[in-house]
Protein chains: 2
Amino acid sequence: MTTTYSISDLSREFAITTRAIRFYEDKGLLSPERRGQARIYSSGDRTRLKLILRGKRLGLSLEESREIIDMYNPGGSNTGQLNTLIGKIRERKSLLQQQLRDIEGMMGDLDAAEARCLQALQSSENTVNTL
Amino acid sequence: MTTTYSISDLSREFAITTRAIRFYEDKGLLSPERRGQARIYSSGDRTRLKLILRGKRLGLSLEESREIIDMYNPGGSNTGQLNTLIGKIRERKSLLQQQLRDIEGMMGDLDAAEARCLQALQSSENTVNTL
DNA sequence: GAGAAAGTTTACGTTTACGTAAAGGTAAAG
DNA sequence: CTTTACCTTTACGTAAACGTAAACTTTCTC
């Protein structure tokens, strides 16, 4: 027997609304089984949902996430398609590397800002002491 | 003399529309000098714009970017405000660390996908050769 | 001084990613 | 048999981040 999930199972686990999950399905990012009307999610669906949310944390649109997730299992396997897919993958990787640099930059800025704050606190502490 | 920029200077340099730049001003992220009606941007304004765009690449909303940029120069310097500011800075840093993990994850997935593509190309090449 | 180039404001339009009701089906518990 | 909980579809509403068009001023350039 394979584990399955209801829509509210997933909404609870990932702290999102069922509305959002149905919306992702509407946009073609998920396609769960049905038992009558009700949606039944497999662990594969759950993984796809995790990937969608990871994409969101990285600022991707749903469409971009869909494209990327589709890259993970090459559908059309002729040479031309594989080559364009490799191209897309490398584009994505270079965008991720840009994001890495951006994170480093912002992290540095925040570290500096934090240091200035701590410095300011230190100074005001001394000020109080000298009164 | 200090270097200044026109709105189209900046729009060209960063490949964005003047509409976007005015929009950022409208939202309180920029506040350039005026010579009559025309906007005159300082190098500080230019830096702020760079920070805004970096924020966008990381998926931040304009409001979030505004908050973060404001963190860089502590305005109110009383102890309470400094402490809440330090709190916000640390929250941001932990979000950035999550993004780092996400990038590592996605980068790994893309590497694997690329490898499978290359593998598939290799196989098809052999197939051709054996004909 | 006439036209082109770049600037301005005002305002309505558009896409994305859902939120939020409305109106109900289904199934187990009491 | 009704309440309760969870599920469904349909559909209009909304915030963010601009795009786009209109109508006008300012400033070079010839």
Side-chain angles (χ1 to χ4, degrees), chain A residues 3-42 45-46 48-70 92 95 99 102 106, chain B residues 3-42 45-46 48-70 92 95 99 102 106:
Chain A
T3 60
T4 63
Y5 310 86
S6 77
I7 193 168
S8 48
D9 286 342
L10 293 182
S11 82
R12 259 188 303 272
E13 174 172 5
F14 297 112
I16 57 181
T17 64
T18 59
R19 174 70 177 92
I21 297 179
R22 291 196 194 96
F23 184 77
Y24 300 153
E25 178 176 347
D26 224 54
K27 293 297 166 181
L29 287 104
L30 291 174
S31 41
E33 306 286 312
R34 296 280 182 146
R35 191 178 54 195
Q37 278 210 120
R39 294 167 171 81
I40 308 287
Y41 296 88
S42 69
D45 291 325
R46 181 172 164 278
R48 289 179 68 89
L49 182 51
K50 278 211 300 203
L51 294 177
I52 294 167
L53 298 177
R54 185 178 70 182
K56 295 207 69 180
R57 287 194 301 272
L58 290 176
L60 305 190
S61 72
L62 292 182
E63 178 59 23
E64 287 172 320
S65 282
R66 201 179 56 68
E67 281 184 23
I68 290 180
I69 294 174
D70 287 349
R92 260 309 145 190
L95 285 179
Q99 274 192 309
D102 286 331
M106 187 175 289
Chain B
T3 59
T4 62
Y5 309 86
S6 76
I7 194 167
S8 48
D9 286 342
L10 293 182
S11 81
R12 260 187 303 271
E13 174 173 5
F14 297 112
I16 57 182
T17 64
T18 60
R19 174 69 178 91
I21 297 179
R22 292 197 194 95
F23 183 77
Y24 300 152
E25 178 176 348
D26 224 55
K27 294 297 165 182
L29 287 105
L30 291 173
S31 42
E33 306 285 313
R34 297 277 184 149
R35 190 178 56 195
Q37 279 210 120
R39 295 165 171 83
I40 308 287
Y41 297 88
S42 69
D45 292 325
R46 181 172 165 280
R48 289 180 68 89
L49 183 52
K50 277 211 299 202
L51 295 178
I52 295 167
L53 298 178
R54 186 178 70 182
K56 295 207 68 181
R57 287 193 301 272
L58 292 176
L60 305 189
S61 71
L62 292 182
E63 177 60 22
E64 287 173 320
S65 282
R66 202 180 53 71
E67 282 184 23
I68 291 181
I69 293 174
D70 287 349
R92 260 308 146 190
L95 284 180
Q99 274 193 310
D102 286 332
M106 187 175 288

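Please read all numbers here as calculations on a predicted model, not as lab measurements. What you see below is based on every heavy atom in this structure, not just the backbone, and it leaves out hydrogens, waters and symmetry mates.
Contacts between residues 28-35 of chain B and DNA chain C, defined by a heavy-atom separation under 4.0 Å, are made by R34(B). If you check residues 61-68 of chain A against DNA chain D, you find no residue with a heavy atom closer than 4.0 Å. Within residues 49-60 of chain A, the residues approaching DNA chain C are K56(A), by heavy-atom distance under 4.0 Å.
Checking dC18(C), dT8(D), dT9(C) against the side-chain heavy atoms of R39(B) singles out dT9(C) as nearest. Of the listed nucleotides (dT8(C), dA17(D), dC7(D)), dC7(D) has the atom at the smallest distance from the side chain of S6(A).
Residues satisfying the side chain to side chain contact (heavy atoms under 4.5 Å, CB included) criterion with I40(A), sequence neighbours excluded, are T4(A), E33(A), R35(A). In this view, F23(B) and R19(B), K27(B), L62(B) satisfy the side chain to side chain contact (heavy atoms under 4.5 Å, CB included) rule, not counting sequence neighbours. Residues satisfying the salt bridge (Lys or Arg N to Asp or Glu O under 4.0 Å) test with R39(A), not counting sequence neighbours, are E25(A). For R12(A), the salt bridge (Lys or Arg N to Asp or Glu O under 4.0 Å) criterion is met by D9(A), not counting sequence neighbours. Here R22(B) pairs with nothing under the salt bridge (Lys or Arg N to Asp or Glu O under 4.0 Å) rule; sequence neighbours left out. Checked against side chain to side chain contact (heavy atoms under 4.5 Å, CB included), R54(A) has the following partners two or more places apart in sequence or in another chain: L51(A), R57(A), Y72(A), D102(B), M106(B), D109(B). Take E64(B) and apply the side chain to side chain contact (heavy atoms under 4.5 Å, CB included) test, not counting sequence neighbours, and it matches L60(B), S61(B), R92(B).
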Close N or O pairs between protein and nucleotides 13-15 of chain D (under 3.5 Å):
none

Protein-nucleic acid N or O pairs under 3.5 Å, nucleotides 21-23 of chain C:
none

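The distance from atom CD1 of I21(A) to atom CG of L49(A), rounded to the nearest 0.5 Å, is 5.5 Å.
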